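Just below is one structure, and these are the notes that go with it.
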Amino acid sequence: MLRNETAASPERRAAALAGLRAYQEAPRGRARRLAPARFRKGRVRLRDYGAKGSTGRAVIVIPSLINPPFILDLMPETSLMRWLALQGFRPFLLDWGNPGPAERAMDVTAHVERLLLPLIARFEQPPVLAGYCLGGTIAMAAACTVPVAGLAMIAAPWRFSGFGAAARGDIAELWRAAQPACEAMGLVPMEVLQAGFWRLDPARTIAKYEAFAAMEPGSAAARSFVAMEDWANAGAPLPYAAGRQMFDDFIDADLPGTGRWSVAGGIVDPARLACPAVDFVSMTDRIVPARSAADLPDRRDLGAGHVGMIVGRGGRTQLWEPLADWLSAIPGTR
């Protein structure tokens, strides 16, 4: 990829490699500790970010299966979870944990049915679900299956045909090459998923390391870059069945977007939602294109990108505050 993207510019290649080296050698502070677990189901934890004694309606924030959950609690100044708690909400972060080969048959559907739904049932009042990226897809399935107080989809894909024929073809080619080894292991390693993200926007992958090479070491911008890249490059493997379903049934066949995804015995249909729902859609997203959104009646188009809306400089005004305003309109959330 580096060779292809910088074939006409040895200078750009050298800058990108220098940025990569600087990233690898950058100092890291102590690892950030997530909030303690309140409820557990198998390997999954619901981490309680609410203030001590908080009794408001729970807001369960569901990250993607693909990357670690700590993007939602990245740094003290860029923690959506801790900010929501300061606004008087009772947020819980779902931590998917680390699956092993013994869970090879657990697909995305099973993550909803066997892990998420039992955790939702632990609350006396139906919680609000807020799902980020693939976590929004999963949250939609749960909200169409059991009573919840509200659903917020954040940069979440639903109509996977919206990724476009070229990107879907590239991802299918990647999966054909990786599938036999993944099936043998019973897992889909993070490296396979990361390669898929790189194919969605290879130019940006190179450009960000070029830019990092020019940053002042130790600056706030440099620390933020390192934290975000550590998150993007981390992550547990997926159970084989979850990866297969994501590649074959979602990205290739678009079962959710064509009304053919069945969860808990019923088709997941956004039109069946019986709760308030909002769809935050990035118009500049290179990972989850705006064309792939569920396009709910209450759709909020944002200028911030896929990660920028969570931890970027414009995230607070474009996502955090509008999300808080929407949550405030749901009875009992504060």
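Keep in mind the model is a prediction, meaning the values are calculated, not measured.
Using a 4.0 Å cut-off between charged nitrogen and carboxylate oxygen, Asp249 and Arg244 count as a salt-bridge pair.
Residues Leu20, Tyr23, Phe212, Met215, Phe225, Val226 make up the rest of the hydrophobic cluster containing Tyr209, defined by ILVMFWY side-chain heavy atoms closer than 4.5 Å, directly or through other members.
Applying the side-chain hydrogen bond (donor to acceptor under 3.5 Å, both in side chains) definition to pairs two or more places apart or across chains, those involving residues 261-279 are Thr109-Trp261.
To the nearest 0.5 Å, the span separating OG on Ser292 from CZ on Phe160 amounts to 7.0 Å.
With sequence neighbours left out, Glu321 forms a side-chain contact (heavy atoms from CB on, under 4.5 Å) with Trp83, Arg316, Thr317. In terms of the side-chain contact (heavy atoms from CB on, under 4.5 Å) criterion, residue partners of Ala253 (sequence neighbours excluded) are, by chain and number, Leu255, Arg260. The side-chain contact (heavy atoms from CB on, under 4.5 Å) search around Asp95 returns Leu34, Arg45, Arg47, Pro69, not counting sequence neighbours. Trp326 pairs by the ring-ring contact (aromatic ring centres under 6.0 Å, His included) definition with nothing, not counting sequence neighbours. Evaluation of the side-chain hydrogen bond (donor to acceptor under 3.5 Å, both in side chains) rule for Arg43 yields Glu103, His111 as partners, not counting sequence neighbours. The side-chain hydrogen bond (donor to acceptor under 3.5 Å, both in side chains) check on Ser54 picks up nothing, with sequence neighbours excluded. Every residue two or more places apart in sequence or in another chain was checked for a side-chain hydrogen bond (donor to acceptor under 3.5 Å, both in side chains) with Asp252, and none qualifies. Partners of Arg300 by side-chain hydrogen bond (donor to acceptor under 3.5 Å, both in side chains), not counting sequence neighbours, listed by chain and number: Asp298.
Taking the side chain as every heavy atom from C-beta outward, Arg90 and Val59 never approach each other to under 4.5 Å. Using a 4.5 Å cut-off on side-chain heavy atoms (C-beta onward), Pro256 and Trp158 make contact. Between Glu113 and Val263, the closest side-chain pair of non-hydrogen atoms falls below 4.5 Å. With contacts defined as side-chain heavy-atom distances shorter than 4.5 Å, the pair Leu72/Pro63 qualifies. Residues Thr78 and Met75 are in side-chain contact: their nearest non-hydrogen atoms beyond the backbone lie under 4.5 Å apart. Using a 4.5 Å heavy-atom cutoff, the side chains of Tyr49 and Leu84 are not in contact.
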Contacts under 3.5 angstrom, residues 183-190 side chains, donor-acceptor by atom type, not counting sequence neighbours:
residue	atom	partner	partner atom	Å
Glu183	OE1	Gln179	NE2	2.9

Show me the donor-acceptor pairs within less than 3.5 Å that the side chains of residues 117-146 make with the rest of the protein, sequence neighbours left out.
residue	atom	partner	partner atom	Å
Tyr132	OH	His306	O	2.7
Thr137	OG1	Pro157	O	2.6
Thr145	OG1	Ala141	O	2.6

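In terms of heavy atoms, Leu74 sits closest to Trp231 at CD1-CB, 4.5 Å. The two atoms that bring Ser79 and Asp73 nearest to each other are OG-OD1, 2.7 Å, heavy atoms only. When all heavy atoms of Asp107 and Ala110 are compared, the closest pair comes out as OD1-N, 2.8 Å. Between Ile154 and Met309 the shortest heavy-atom distance is CG2-SD, 3.5 Å. Across all non-hydrogen atoms, the minimal contact from Glu216 to Ala222 is O-CB, 3.5 Å. When all heavy atoms of Asp285 and Val288 are compared, the closest pair comes out as OD1-N, 2.8 Å.
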Walk me through whether Leu302 and Phe280 qualify under side chain to side chain contact (heavy atoms under 4.5 Å, CB included). CA-CA 7 Å; Leu302 282 59; Phe280 292 98; 3.9 Å; yes

Kindly determine whether Leu273 and Leu296 satisfy side chain to side chain contact (heavy atoms under 4.5 Å, CB included), including the steps that lead there. CA-CA 10 Å; Leu273 284 171; Leu296 298 177; 4.3 Å; yes

Does Val311 form a side chain to side chain contact (heavy atoms under 4.5 Å, CB included) with Met228? I'd like the steps, not just the answer. CA-CA 9 Å; Val311 297; Met228 284 191 286; 3.3 Å; yes

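A donor-acceptor pair under 3.5 Å is formed between the side chain of Gln318 and the backbone N or O of Gly303.
Remark: Arg33 CZ is loosely packed, at most 12 non-hydrogen atoms of other residues, nucleotides or ligands lying under 6.0 Å away.
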